[in-house]
Each structure stands twice: as structure tokens, then as C-alpha cells.
There are 2 protein chains.
Amino acid sequence: MSEIADTVGLRKSSLFHHFRTKAEMYAAVVNRILGEVELELTRSLAKGGTAVERLDRWVDALIDLMVRTPAHSRLMLRSLFEDDELSGALPEQREADERLERIILQARNVLRDGMAQGEIRAANIPHTIQSLIGITIYHFASGDLGNEIIGTSIFAPKEVERRKQEVKAFLHHGLVTNSATDEHR
Amino acid sequence: MSEIADTVGLRKSSLFHHFRTKAEMYAAVVNRILGEVELELTRSLAKGGTAVERLDRWVDALIDLMVRTPAHSRLMLRSLFEDDELSGALPEQREADERLERIILQARNVLRDGMAQGEIRAANIPHTIQSLIGITIYHFASGDLGNEIIGTSIFAPKEVERRKQEVKAFLHHGLVTNSATDEHR
DNA sequence: GCAAAGCTCGACCGATCGGTCGGTTGGCAA
DNA sequence: TTGCCAACCGACCGATCGGTCGAGCTTTGC
């Protein structure tokens, strides 16, 4: 809290004038970020097109969001997999949970539509959503390890563009070349 | 440290007889876990077969590891994306880093071999590794959110089996049905 | 049988943490 | 001009944190 106060040009005790507890402040930050995410992802889907086109735009939009403020991706991942240490029924936290639920529901719908139209393979939708999260958010939250694996900064514009292409190529083609060879056994 | 001491039937001060600092203990735990991971993943690759077969076994082995002790997946993800808060040049930490490097090198080699043989599409190898980590480790570290998305416990044996199949199907086929339709523009 | 080494513990420490409180300031409405 | 209130601050607090220390107990080696 002292560090935060310093960086915003206040003293610690002043922060407690705006947020009653640290947890409330944290929830407000997460909620605000999720608000941006919901807005942008909704926009990306609203432009219409086939399910695959919408999914591609969804991925691009999510990656753009992660890149816009690198710290956000870390915070997102943390808030996703850290079971709310305080599980508190804070209103901001409840609101954030609802936002997250709506975001996931939208992704679910895109996949469902695509499968109904035959554009998307009949995969298990919840698992696919988990995979999408893992592929997009984890990558930009992977910090030092990610930079080491990739070789340059994962946030370098050129590398971000490459990530977008690789993710979409992964979604479109998988990894294995000849899809016919694996259904043996 | 008190909680750890309680769960192992000691007092806090006794822990400091075995580990000089908390950071050293943490590094030792991570190192031990990475040791198991390295061992199992190396075994999964040593059995031979085509690159795709080895990759499939690698995924199965990694998922088995995440499931064996649920807490490990959380710890793994944390240790991966948290930039070593103490960056300390602790010997255990250095050793863990080297283990991680060898694990990643092995995955890199499988992908390289598969591409050389034409079994695997010519994708960007580092990005593909990041995707593999995201798909496997994130899922089992996703805690409450994961359970909510999936609908049941992500660690339920049936659900774990489904995850293995979904991940491998993803690797083999991607998501989009007709790979020919997307190379327009 | 005895000393050394290994292990455990309670008591204690300084630092830091989240948070409180009383009081000052500045702007604005009446 | 006055009164009010949001914003801000310094001083302070109890709790907890990681860690130390010396005194006992137990095991090992010879």
C-alpha cells in the first residue's frame, strides 16, 4: 500500500480514504480491468461474420488487451487462478465475477455457433475455452520464462504479431500435418 | 512457516534448522517437484516411436504429473510466471532453472524432429511450447474458475481423461474443420 | 560409556504489514 | 462570510512475518 501510494503521489493513509481495505482496492482494480476486457471482447464479436472469423477476431482482441498493459496479463492470470484469498462477498468482486461469467458465456456461444454451422470441429466446449485461456493469457503472463523460451521480449510488437498468427494457425490446423494418420489403434 | 511446521509436526524454529531461509525452502520444494517432472517427461520420450507418438505421451505424462498432486500444478504455474521474487542465486534455484531448461529443450527437440520428418506442421517452435504449457499446466492450475467452466472438478478422473483426449485432439486437428477455407484474403 | 553431532523447542527480536485516528487544508455552496 | 466536506496527512497501533539464540533431548560413532 505504501508503494502504491508513492507511485500515485499520495500517502498510505490517504488510500484508505478511497478504499476501505486493501482487498476492496484490489477487487476494484480487477473489476476495472475486466470491464475493459468485456467491452473489447464484446466489440470483437459484434462485428459479425462467420463463427471462425469472430473467433479469430476474439483472439486478436484478447491478445491486444494483454499487450496494451503488460502488467494486466499478470494480474488477470493471478486473479483467475488464485482462488480469492478472501473470497469476500465484496460488491466489486461479485461484479467482476459476473463480468467474467459473461465473457466466458460469449466465448461459449461462438464455439457453439461454429459447431452448429459445421465450421468448428465438435470439441468439448468448456475444455476448449480453458485451452483458449491457456494459450492467450498464460503466454503474456509468463514473464521471464516466456522471454527465455521465445528468445526476445514477448511484448515486442513483432513477436506479438507472430503470436497472433501462431495461435490462429494452431486453432485452424492443429499441429499434426496429416489428420488421417492418427485415428489408428 | 508456522503453518508448514504444524502440518509436518514441528515448530517453526525447527524448520530453520533444515532450511536457512524461507526462500531456500521454497526453492528446494520447487526443485524437487521439477525433478519428478523431468524424470517422468524424460521417460515418456525415451520409449521411442514417431515424433507425434512421443508428443502424445509427453502430454499424457505431463497431465498425469499435474494430477498426481493437485497442489503441484498451482506451484508449477506460480514458479513459472512469478519472476523469482528474490532472484537469489540460491543453488537450489539454479538447479531448478537448469532442470526447466532441459525439460524445454526436450520438448523443443521432439517438435523439431517431428517437423523434420514432416509429421508436424512447420510451426514456430518456441510459441508452440508456450502453447503446450498453457494448455496443460494452466488448466490444472485454474482452480475454482476451471471447475466452474468445466462444470465438475477438473481433477475428477473422468474429467482428467477427457482433458487428455481434448488436448491431443486439439494438437491433431486444431479447431476448424475445413483447413482449406481459411487461407483466403 | 561418553562425547560429539543432530534435532527440537520456547522465548524472543526487529521489521513490516494493513489499518486507525485526530487534525489540517482547500474549494465550494449558501 | 461562514459552514461544510472531501481529500490528505503524520503519528501511531496491534498483529504477523521471517528469523535468531541458547538450552535441552536424542541419536550416532568410537
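So you know, we letter chains A, B, ... as the sequences are listed, proteins then strands, and number each from 1. What you see is a predicted model, and the numbers here were worked out from it, not measured in a lab.
Note on A:L65 and A:V29: same hydrophobic cluster, where clusters join Ile, Leu, Val, Met, Phe, Trp and Tyr whose side-chain heavy atoms are under 4.5 Å apart, directly or indirectly. Linking Ile, Leu, Val, Met, Phe, Trp and Tyr residues whenever their side-chain heavy atoms come within less than 4.5 Å places B:I133 and B:L75 in a single cluster.
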Side-chain donor/acceptor pairs under 3.5 Å, residues 1-13 of chain B, sequence neighbours excluded:
unit_1, atom_1, unit_2, atom_2, d
B:T7, OG1, B:I4, O, 2.9

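Of the residues in residues 1-13 of chain B, those placing a heavy atom less than 4.0 Å from an atom of DNA chain D are B:M1, B:K12, B:S13, in numerical order.
Of the side-chain N and O atoms in B:H18, none sit less than 4.0 angstrom from OP1 or OP2 of C:dG6.
Applying the ring pair (Phe, Tyr, Trp, His ring centres under 6.0 Å) criterion to B:F155, with sequence neighbours excluded, gives B:F140. With sequence neighbours left out, the ring pair (Phe, Tyr, Trp, His ring centres under 6.0 Å) criterion links B:F81 to A:F81. In this structure, the side chain to side chain contact (heavy atoms under 4.5 Å, CB included) partners of A:E161, at least two apart in sequence or on a different chain, are A:K164, A:Q165. Taking the side chain to side chain contact (heavy atoms under 4.5 Å, CB included) definition, one finds that A:D56 meets it with A:V52, A:K168, A:H172, sequence neighbours left out. Applying the side chain to side chain contact (heavy atoms under 4.5 Å, CB included) test to B:A116 and every residue at least two apart in sequence or in another chain returns nothing.
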Polar atoms only, N or O, under 3.5 Å: list the protein pairs with nucleotides 23-27 of chain C and their distances.
none

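From B:L145, atom CG reaches atom CD of A:E101 across 10.0 Å, with rounding to the nearest 0.5 Å.
At a threshold of 4.0 Å, the pair B:R43-B:E40 counts as salt-bridged, since one of the basic side-chain nitrogens sits closer than that to a carboxylate oxygen.
The terminal axes of the helix from C:dG1-D:dC30 to C:dA30-D:dT1, fitted over 5 pairs per end, subtend an angle of 10° to the nearest 10°.
Legend: ring pair (Phe, Tyr, Trp, His ring centres under 6.0 Å) pairs involving residues 26-74 of chain A, not counting sequence neighbours: none detected. Sequence neighbours left out, not one pair with a member in residues 98-123 of chain B passes ring pair (Phe, Tyr, Trp, His ring centres under 6.0 Å).
Here chain A contacts DNA chain D (any atom closer than 4.0 Å to a heavy atom, that is under 4.0 Å), and the contacts span D:dA6 to D:dG10 from 5' to 3'.
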